[in-house]
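A note on names: the letters A, B, ... follow the listed sequences, proteins ahead of strands, and every chain is numbered from 1.
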Protein chains: 2
Amino acid sequence: MQRMTRQRAAVSDALEDLDDFRSAQQLHEILRRRGDNVGLATVYRTLQSLADGGDVDVLRTEEGENLYRRCERREHHHHLVCRVCGRTVEIDGPTVEAWANQVGTSHGFVDIQHTIELFGTCAGCADAASAQD
Amino acid sequence: MQRMTRQRAAVSDALEDLDDFRSAQQLHEILRRRGDNVGLATVYRTLQSLADGGDVDVLRTEEGENLYRRCERREHHHHLVCRVCGRTVEIDGPTVEAWANQVGTSHGFVDIQHTIELFGTCAGCADAASAQD
DNA sequence: GCCTTCTTGAGAATGGATGTCAAAACCGTT
DNA sequence: AACGGTTTTGACATCCATTCTCAAGAAGGC
């Protein structure tokens with residue numbers, strides 16, 4: 001049975017305060033700065049169990065690092081992430097879900113699962129970039 | 001300038017003969033079996049440069065391993081992959097492309113890029129599984 | 001064939017993630 | 001409030017895909 005520990009609470013709280021996707025290592029560092037000392041392995045384990053329970057979402061970066069985020073909605077959804085500042089918008093796309101299933105079944109596949117993530121540069125970051133020129 | 005070497009040709013040929021996504025390590029092993037000895041580092045380098053040139057597609061597995069495949073079409077497309085046997089169907093979804101861009105711009109994001117992969121169990125593998133029960 | 005430049009390969013290094021296991025913490029029970 | 005079975009922790013080792021290093025080996029223009 002899952003027990004409530006100081007460490008799990010700390011990781012959960014930290015995620016609550018953050019808005020963007022963070023890596024296990026970043027969270028570990030953030031907790032250390034706060035004075036909440038939590039072992040790195042524990043941060044990894046906690047994030048994994050939170051992800052398994054659907055309490056946080058996982059995003060895999062181009063570099064193969066896992067990023068975690070507590071989302072507004074627990075239901076299935078996707079993300080539009082700013083590649084510069086990490087700002088994240090939650091997206092739910094009934095259109096895509098339907099498309100994915102339809103494409104899958106039309107090829108005789110069952111138990112269709114999809115991975116969809118959108119990346120872009122948000123308005124703020126695009127402005128900042130053009131101001132530099 | 002890019003030179004043509006025995007190793008690059010070997011990797012390219014091996015990909016030509018295969019239909020499913022393979023990892024660098026698998027390709028390295030396949031080449032070794034054939035007698036085409038190519039260093040592992042070279043396989044990695046070659047696959048990376050082929051991917052950069054758009055000659056092969058890359059797929060990231062759940063476990064964080066990169067898989068490579070020479071595709072029929074060089075244009076942008078997605079994949080429907082059987083999670084059991086790896087059989088792969090190329091998908092082009094003008095619907096999704098449009099959706100992705102529209103969602104992105106409606107939130108003020110520019111330079112929208114998307115990652116879409118579909119996984120499922122193909123008809124053959126689903127039959128095999130049900131026959132086992 | 002020569003020579004410059006690019007490529008190769010064996011092994012070391014990297015880095016995120018997971019395994020190990022004794023010590024510490026939970027928490028229902030007494 | 002102490003007990004005790006069970007879970008969790010944390011420091012460290014380990015794993016494993018990938019990348020780095022750099023001397024030795026090929027490509028290919030001349």
Let's go through A:Leu31 and A:Val11 carefully: what are the C-alpha distance in whole Å and the side-chain angles of both, what is the deciding distance for side-chain contact (heavy atoms from CB on, under 4.5 Å) to 0.1 Å, and is it a yes or a no? CA-CA 8 Å; A:Leu31 290 170; A:Val11 171; 3.8 Å; yes
| said: A:Glu62 vs A:Arg83, test: salt bridge (Lys or Arg N to Asp or Glu O under 4.0 Å). Steps then yes/no. | reply: CA-CA 11 Å; A:Glu62 199 73 19; A:Arg83 62 168 65 87; over 6 Å; no
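For B:Thr5, counting side-chain heavy atoms from C-beta on, the closest listed nucleotide (D:dA11, C:dT8, C:dA17) is C:dT8. Considering only side-chain atoms of B:Glu65, the nucleotide from C:dT8, D:dT18, C:dG16 that sits closest is D:dT18. In the set C:dT18, C:dT8, C:dC26, the nucleotide with an atom closest to the side chain of A:Arg3 is C:dC26. Closest to the side chain of A:Gln7, from the set D:dG10, C:dT7, C:dG9, is D:dG10. Of the candidate nucleotides C:dG9, C:dG16, C:dA17, C:dG9 has the atom lying nearest to any side-chain atom of B:Arg6. Closest to the B:Arg8 side chain, of the nucleotides D:dA27, C:dT8, D:dT19, is C:dT8.
Just one of B:His77, B:Arg70, B:His78 meets the side chain to side chain donor-acceptor pair (under 3.5 Å) condition when paired with B:Asp57; it is B:His77.
We find that CG of B:Asp52 is positioned 14 Å from P of D:dT18, with the value rounded to whole Å. In this structure, CG of B:Leu47 is placed 10 Å from P of D:dT19, rounded to the nearest angstrom. Atom-to-atom, CD of B:Gln26 to P of D:dT18 comes out at 11 Å; the value is rounded to the nearest Å. Between the C1' atom of D:dT18 and the CD atom of B:Glu63 lies a distance of 16 Å, rounded to the nearest Å. What separates CZ of A:Arg60 from P of C:dG15 is a distance of 17 Å, to the nearest Å. Note: NE2 (A:His28) to C1' (D:dC12) measures 13 Å, nearest angstrom. Nucleotide D:dG10 holds its P atom 14 Å from the CZ atom of A:Arg32, rounded to whole Å.
No more than 12 heavy-atom neighbours from other residues, nucleotides or ligands sit within 6.0 angstrom of CZ on B:Arg33.
No hydrogens or angles considered: a donor-acceptor pair under 3.5 Å links the side chains of A:Glu97 and A:His114.
The backbone N or O of A:Leu40 lies less than 3.5 Å from no partner atom in the side chain of A:Arg45, so there is not a single donor-acceptor pair.
In this structure, B:Leu40 and B:Met4 both approach DNA chain D, and ranking their closest nucleotides by distance from the 5' end singles out B:Leu40. Along DNA chain D, the nucleotide nearest to A:Thr42 and the one nearest to B:Gln25 differ in position, and the one closer to the 5' end is contacted by A:Thr42. Ranked by how close their nearest DNA chain C nucleotide is to the 5' end, A:Ser23 and B:Asn37 are led by B:Asn37.
Heavy atoms of B:Gln2 sit under 4.0 angstrom from primed sugar atoms or phosphate atoms, though from no base atom.
The closest side-chain heavy-atom distance from A:Asn66 to A:Phe21 is not below 4.5 Å.
Between its two ends, the helix from C:dG1-D:dC30 to C:dT30-D:dA1 turns its axis by 30°, counting five pairs per end and rounding to 10 degrees.
Judged by distance alone, with hydrogens and angles left aside, B:Arg45 brings a side-chain donor or acceptor within reach of the base of C:dG9, the pair sitting under 3.5 Å.
When ring centroids are compared, B:His79 and B:Phe119 stay outside the 6.0 Å threshold.
Contact check, A:Tyr44 against C:dA17: a side-chain N or O comes under 4.0 Å of OP1 or OP2.
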